[in-house]
Amino acid sequence: MKPKAIISFISRIDSWRATHVSERMFVLILAFLVGLLSAVAAFVLHWLINQIVALLTGGFDATSFNLLYLVYPMVGILLTMLFVRYVVKDNISHGITRILYAISQNRSRLKIHNTWSSVVASAITIGFGGSVGAEAPIVLTGSAIGSNLGKLFRMDSRTLMLLVGCGAAGAIAGIFKAPIAGLVFTLEVLMIDLTMASLMPILVSCVTATCFTYIFSGDAALFTFHLDDSWTVQRIPACIFLGIFCGLVSLYFVRTMGFCEDLFARLKKHPYVRWVVGGSLLAVLIFLFPSLYGEGYSSINLLLNGQGESDWSQILNNSLFAGEERLLVLYVFLVLLTKVFATSATNGGGGCGGTFAPSLFIGCFAGFFFSRVWNIYDVGVYVPEKNFALMGMAGVMSGVMHAPLTGIFLIAELTGGYSLFLPLMIVSVSSFLTINIFEPHSIYGSRLAKEGKLITHHTDHAVLTLMQLDSVIDRDYVFVGPDTELASIVHKISNSKGSVLPVLDAAGSLLGEIDIKKIRHVVFRIELYHHFTASQLMQEPPAVLADSLPMTAVMRTFDATRADYLPVLDRDGHLKGYLSREHVFTQYRKMVADMSEE
C-alpha cells in the first residue's frame, strides 16, 4: 500500500473507533497489541542470538581454550557499528535510559526505527560474544512499539506515556515469562504511577506478552532451579550480609560502568579507535574467561543447578582454567570483577546491548562466591551455594536498578523460587539500602537525574520535569535599543502586553530591562520625553534564565526573586523571550489536573 493509502486507512479506523469504541477500551486494545508485538520481538531476538551462537561456537572443544574468542567479539562489534552508522544513522544505545529521556523530555515519543533497529544490532553484538544483555534493547523495542502505535492513532501525551510503559512491561514479561515482574519494573524503573487508569493496560500487556511467549517457546523457563535445601531462620544473618555484599558489588558495577563510559566518550569522534580499544579488550577478556561470552545465561544455570565442585567447575570449560577445579573460586571472583569491563567495552566499542543481563550474571556469581567462601571458612551455619546464587541475582539487580520489588518478583517468577520469597526480600532490601547510601538513582536514571531531567513518583517534581521550558516562553515581546528616547519608549509601552520592556543591542543581546511600573513618574511628563533614553531608565533583571534550565530550577529562581517576569537567553546570550510566573503556574495546574485524572 502507498503511504497516502495507509494514512487514509488509519484515519478511517480512527474515525470509526471514535464513535464506536470508548477511549479506555481502545487503550486496552492497543495494550494487547503492544504486548503481542513485544513478545514477537523478544522471541525473534533470542532466536537470532541462539542461531548465531550455535553457528559460531557449536564445534568448540570444551577441554581447551579457543583462539576464535579473540576474533568473534571484534567482528561482532564492527558489524554492529557499521549497521548503526550506515543503516540506522542514529544512536540506539542505552535503551532504558533512552526511554526515560523520551518520557521526561520528549513527550514519550520514540523514533520508528527503534521498533526494529535494536533487535538487529543487539542480535549481532550478543551472538558474536558481546558481553551485554538483550533485555534493554527489547524493552526499548516494546516501548517504541507502544509509542508509535499511540502516535499513529493521535493519542495524547499521557496515553503515550502509558503505552510506552505497556511496551516496557510487556517486553520484560515476555522475555522472562514473568508478568508481575513486568508490571513492577514499569512502576519502579520507568516511574509510571500506578492508577486505575494505568493498571489494567499494563496488566493486559504483561499477560498478553507472557501468554504468547509460552505459545512461541513452550514451557521452558529461562533459568531452571530446584530447591534442594529449604531456607531456615538461622540463615538470616548470612542473608543480610549477602545483601550488603550485593549492594557493594552493585556500587562497584555502577561506578566502574560510569567511569568506563566516560573514557570511551572521549573517543566519540574516533569510532574506529573506539572499536579497536573496546573490541580488543572484550576479546582478551572472553579468551581468558569464556563465561563472559554473550549474556552468560548458561553459566548462571550451571551455578543454579550444580550439586558440587564437579558440576560447578564446568564454567571453567573452554578456558585456560579448564580442569583446574581448585581454581574455581578464584575464577568466579575474577569473572565477577571483569564482567563490568567486558560490558563497558562492548557498548563503548560500538556494540549494542543492556546492563539488565549483566546485573543478573554478576549477581549470580556474587551470591555463589559469597556462599562458597562462607562455607569454605565455616563462618557460621551452612548456606547452600545454589540458593545464595539465586538470591544474589535479586540483590545485585535491586542495587543496580534501585528496584528491589523487581528483583524479588523477577527472580521468584523466573525460577519458581517462591519458597525463598522471604530471603529474597531480605537480600534485595539490604542491597538497596546499602547502595542508596552512595547512589540515590539507578544506573539508568543517574545521568538524567544530574541534569534534572528524570521523572519521579513525586507529583510536583514529575510535573515540572514533564513541563518543557521552551513551551512556556512568550516570544511575542516588544524591545527597545539603548539609545531609544522616552517618547519612543512610551509608544512601545502602548504596544506591549507585559510590564517589562527589554533593552537589546544590535546583536539581540540583553543589556537590561525597563520595568514599566517603576517609570510612572516620568511617563506622563511630556517635557521629559527627549531628556531620557532607555540606557538611563533600564536596570538589571532580577535573574536571567538559560534556555537549557530544567523547570525545577526555573521555579526555584522565581521563588528566590519573587519576579513576575524573567528573561530567557540562549547559549549565545541572545534574548529568546520572557517567562511569566502566572503563565507557568497556569500550565502547572493544568498538567497536575491531567495527571490526576483516572
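- T80 and T125 form a side-chain donor-acceptor contact under 3.5 Å, judged by distance and modelled atom types alone.
- Ring geometry for F43 against F216 counts as tilted: the plane angle lies between 30° and 60°, on a 0 to 90° scale.
- Using bins of under 30°, 30° to 60° and over 60° for the plane-to-plane angle, the ring pair F185/F356 lands in the tilted bin.
- A 4.5 Å side-chain heavy-atom check between V340 and Y252 finds at least one atom pair inside the cut-off.
- For T224 and N305, the side-chain atoms include at least one donor-acceptor pair closer than 3.5 Å.
- With Y214 as the aromatic partner, K177 meets the cation-pi criteria of under 6.0 angstrom to the ring centre and within 45 degrees of the ring axis.
- The six-membered or imidazole ring of F365 lies near that of F361, with a centre-to-centre distance under 6.0 Å.
- Side chains of W231 and I236 form a contact here, defined as non-hydrogen atoms less than 4.5 Å apart.
- Judged purely by distance below 3.5 Å, without hydrogens or angles, the side chains of Y331 and S313 never pair a donor atom with an acceptor atom.
- F225 carries K386 over the face of its six-membered ring, with the cationic atom under 6.0 Å from the centre and within 45° of the normal.
- Between F223 and Y297, the ring planes lie perpendicular to each other; the angle is over 60°, past the 30° to 60° tilted range.
- Between F368 and W312, the gap from one ring centroid to the other is short of 6.0 Å.
- In this structure, F287 has its ring center at least 6.0 angstrom away from the ring center of Y293.
- The side-chain heavy atoms of L110 and L140, taken from C-beta on, include a pair separated by under 4.5 Å.
- If you check the side chains of S371 and E385, you find no donor sitting under 3.5 Å from an acceptor.
- Counting heavy atoms from C-beta on, the side chains of M257 and V400 never come closer than 4.5 Å.
- By the 4.0 Å N-to-carboxylate-O rule, R255 lies close enough to E439 to be salt-bridged with it.
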